[in-house]
Participant: 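What follows is a structure written as structure tokens; I'll ask about it next.
Throughout, a chain's letter reflects where its sequence line sits, starting with A, and its residues are numbered from 1.
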Amino acid sequence: MAKDYKNLQEEIIDVCLRRGIIFPTAEIYGGASGFYEFGPIGELIRQNLISLWRYHFIKSEENIHEISGSTILPEKVFEASGHLETFNDPLTQCMKCKSMFRVDHLLENVDPSKNYDAMSLDELSEELKKSGLVCPKCKGELGDVRSFNLMFETKIGPSGGIRGFLRPETAQNIFINFRRISHSMRSKLPFGIAQVGKAYRNEISPRNFLIRLREFEQMEIEMFVDPEHMNSHPRWDEVSTMEIPILTRDAQKNGGKAIMISVEDALKQGLIPNQFFGYFMALESEFVKSLGVSEDKFWFRHLLESETAHYSKANYDLEIEFPFGIVECIGNAYRTDYDLKKHAEKSKTKLQIVTDDGRKVVPHVIEPSFGVQRLFYILLLSSYRKGDREWTWFQFPYSVAPYEVVVAPLMKKDGLKEAAYDFFWDLKDEGIDAIYDESGQIGKRYARADEIGVPFVFTVDYQSLDDETVTIRDRDTTKQYRIPMSEASDVIRELIFNVLTFEDLKNEFKEINSGKKHGSDKEPSPKNGKKTEAKKNPEGKKGKKGKKKGQSKKSKK
RNA sequence: GCACGCGUGGUGAAGGGGUUAUCAUAGGAGCCUUCCAAGCUCUUGUCCCGGGUUCGAGUCCCGGCGCGUGCACCA
């Protein structure tokens with residue numbers, strides 16, 4: 001198992017480097033652990049991934065607004081949020097009353113001669129045990145030493161008088177802009193504020209390629225809800241019967257598996273705290289499936305009490321299973337009014353909403369938080385294909401593929417090259433994401449297109465010169481049909497948006513015999529019959545119309 | 001952060017003190033080719049960084065950086 005994983009990860013890293021998908025940061029200077037950059041192809045995919053998310057969670061909603069905030073924030077923000085206190089020093093928590101204490105401070109009272117700053121967490125734990133110290137408040141037992149030294153610190157301004165920190169999550173920008181946004185958008189509860197952006201954590205030990213990074217990107221929503229109406233989501237009916245996999249706390253304790261349960265039932269059984277929380281879980285489930293993750297490979301894990309912050313009323317992580325282990329890529333938290341109250345107190349600003357019936361309420365917050373790099377990696381892992389042809393390829397959902405189509409002349413001579421190049425520009429002028437490739441033999445270009453997951457290739461051949469047709473090759477089956485150039489952009493659009501499947505072209509256009517001409521006796525064995533998962537999940541690209549979540553959205557008003 | 005292993009063209013590998021570092025593949029130019037990494041010619045490009053030992057270091061030693069694995073930690 002572990003070995004398979006290693007090979008799989010190595011293969012994916014290999015293709016990422018060769019094909020311009022992901023690079024290690026500062027590689028020519030020896031690299032920087034925990035930092036990776038998106039290459040040209042990776043960046044196209046990343047942008048599409050973010051667009052797909054934006055489509056699912058913002059554009060398909062009525063009251064969720066996106067902002068883009070500063071990544072450096074002054075110290076006070078994190079004093080209020082609690083990050084400064086809880087992310088920076090070796091801490092111990094009283095097992096009884098849950099109070100947190102700085103271990104170095106406690107120990108300095110015992111033996112001031114030792115340098116506790118230089119000690120490891122283990123050493124500090126040992127010192128703490130040896131000291132026999134108990135909780136100063138309640139005399140309870142003190143837990144193991146934990147360090148949360150995760151924020152990158154910086155100084156703001158020439159005098160450096162103000163301490164700043166690179167934000168460890170995007171969420172704080174949303175809370176500190178709450179009043180401005182709610183006023184300028186004339187917001188009524190419930191409403192959401194979303195943000196896509198970088199966050200930074202100085203991880204002790206970055207690992208596993210894109211999984212644990214020091215600089216990463218989050219896509220977050222803070223959904224603000226009237227605490228008295230947590231169970232009146234206006235679109236609940238659209239999702240209530242949708243089934244999602246839940247790994248309950250009981251199941252975790254007993255080694256059980258996730259159960260499929262409708263969000264309605266999950267709510268009734270008290271597994272999830274409210275409709276708003278369940279609504280997002282339902283959407284996330286659909287979203288993850290649209291990335292090509294199969295239904296039996298992910299679940300929502302209810303975090304154990306020990307993993308849950310004291311102010312949080314519920315946490316569910318969406319986890320995806322791979323041969324090597326489990327990747328957590330979406331976190332859901334019911335943060336109640338904790339953040340707004342803390343910032344209101346610290347900033348002496350009222351962070352509240354006046355409801356229609358005249359109540360002044362501090363909204364409660366539901367927070368779904370997505371890791372871009374983790375989802376990106378999951379996309380690579382779940383789309384990666386090998387063994388059915390002589391090269392590896394990515395069966396990306398069309399909506400996230402780096403290009404829509406490659407345009408290739410069959411050969412460079414006899415005017416084919418010129419005709420193909422003109423055709424390529426025609427497509428681009430029509431807004432098709434096309435890329436032109438004339439280098440090498442045609443099969444090599446099909447392979448190159450496959451390898452970065454481009455869904456289709458148009459080939460301009462001799463017949464094209466006679467009758468203005470081109471062949472279109474399907475990445476997933478390697479089949480080809482011949483279509484008129486004049487219809488090419490429409491066909492691509494309809495395929496990409498899943499108005500048509502590739503097999504639908506059969507009814508209208510002629511199939512082309514294709515096969516290997518040169519050399520080897522091995523025939524490529526195109527996959528037959530198996531439709532790409534992508535085809536079931538068309539949404540998210542330019543101009544695509546919304547897909548129902550079960551019932552018509554229009555009914556919501 | 002600790003321990004172990006590893007670091008050679010873009011990618012994958014060989015070379016483990018001694019001429020000008022080898023091979024495959026890839027990239028570029030061209031020939032050939034009427035549809036799935038064929039072939040031919042030319043060409044581009046490599047010893048992670050810094051010290052040390054040595055007449056001589058890709059090779060040995062030390063340190064750093066990076067990657068992997070385990071532990072610890074963690075979204």
Participant: Would A:D461 and A:R482 satisfy salt bridge (charged side-chain N to carboxylate O under 4.0 Å, His left out), going step by step from the backbone distance to the final call?
Facilitator: CA-CA 11 Å; A:D461 60 6; A:R482 182 174 293 281; 2.7 Å; yes

Participant: Taking atom P of B:A75 as reference, at what distance in whole Å does atom CD of A:E367 sit?
Facilitator: 13 Å

Participant: Under a 3.5 Å cut-off for both contacts, is B:C67 paired Watson-Crick or G-U wobble with anything, and if yes, with which nucleotide?
Facilitator: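 Pairing partner, where one exists within any strand: B:G5.
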
Participant: Using purine N1 to pyrimidine N3 plus N6-O4 or O6-N4 for Watson-Crick, or N1-O2 and O6-N3 for G-U wobble, each under 3.5 Å, what pairs with B:A75?
Facilitator: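 In the structure as shown, B:A75 has no Watson-Crick or wobble partner.
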
Participant: With both distances under 3.5 Å as the test, what is the Watson-Crick or G-U wobble partner of B:G39?
Facilitator: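 B:G39 is paired, partner B:C31.
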
Participant: How many whole angstroms separate atom CZ of A:R448 from atom P of B:U25?
Facilitator: 15 Å

Participant: Quick one: A:R212 CZ to B:C73 C1', roughly how many Å, whole number?
Facilitator: 7 Å

Participant: Whole angstroms only, please: what is the NZ-P distance between A:K412 and B:G30?
Facilitator: 5 Å

Participant: Students often get this wrong, so: under 4.0 angstrom with heavy atoms, is A:T459 touching a base, only sugar-phosphate, or nothing?
Facilitator: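 Counting heavy atoms under 4.0 Å across all strands, the contact made by A:T459 includes a base.
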
Participant: What nucleic acid atoms does A:D14 come within less than 4.0 Å of, heavy atoms only: base, sugar-phosphate, or nothing?
Facilitator: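 Counting heavy atoms under 4.0 Å across all strands, the contact made by A:D14 is with sugar-phosphate only.
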
Participant: With rounding to whole Å, what would you report as the distance between B:U11 and B:C67 at their C1' atoms?
Facilitator: 16 Å

Participant: Quick one: A:K444 NZ to B:G28 C1', roughly how many Å, whole number?
Facilitator: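 Interatomic distance, NZ of A:K444 to C1' of B:G28: 11 Å.
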
Participant: Can you check the A:M411 CE to B:A38 P distance for me, whole Å?
Facilitator: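 So the CE-P distance, A:M411 to B:A38, works out to 15 Å.
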
Participant: Roughly how far apart, to the nearest Å, are B:G63 and B:C47 at atom P?
Facilitator: 24 Å

Participant: P atom, B:A57 versus B:G18: distance in rounded Å?
Facilitator: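 Their P atoms lie roughly 11 Å apart.
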
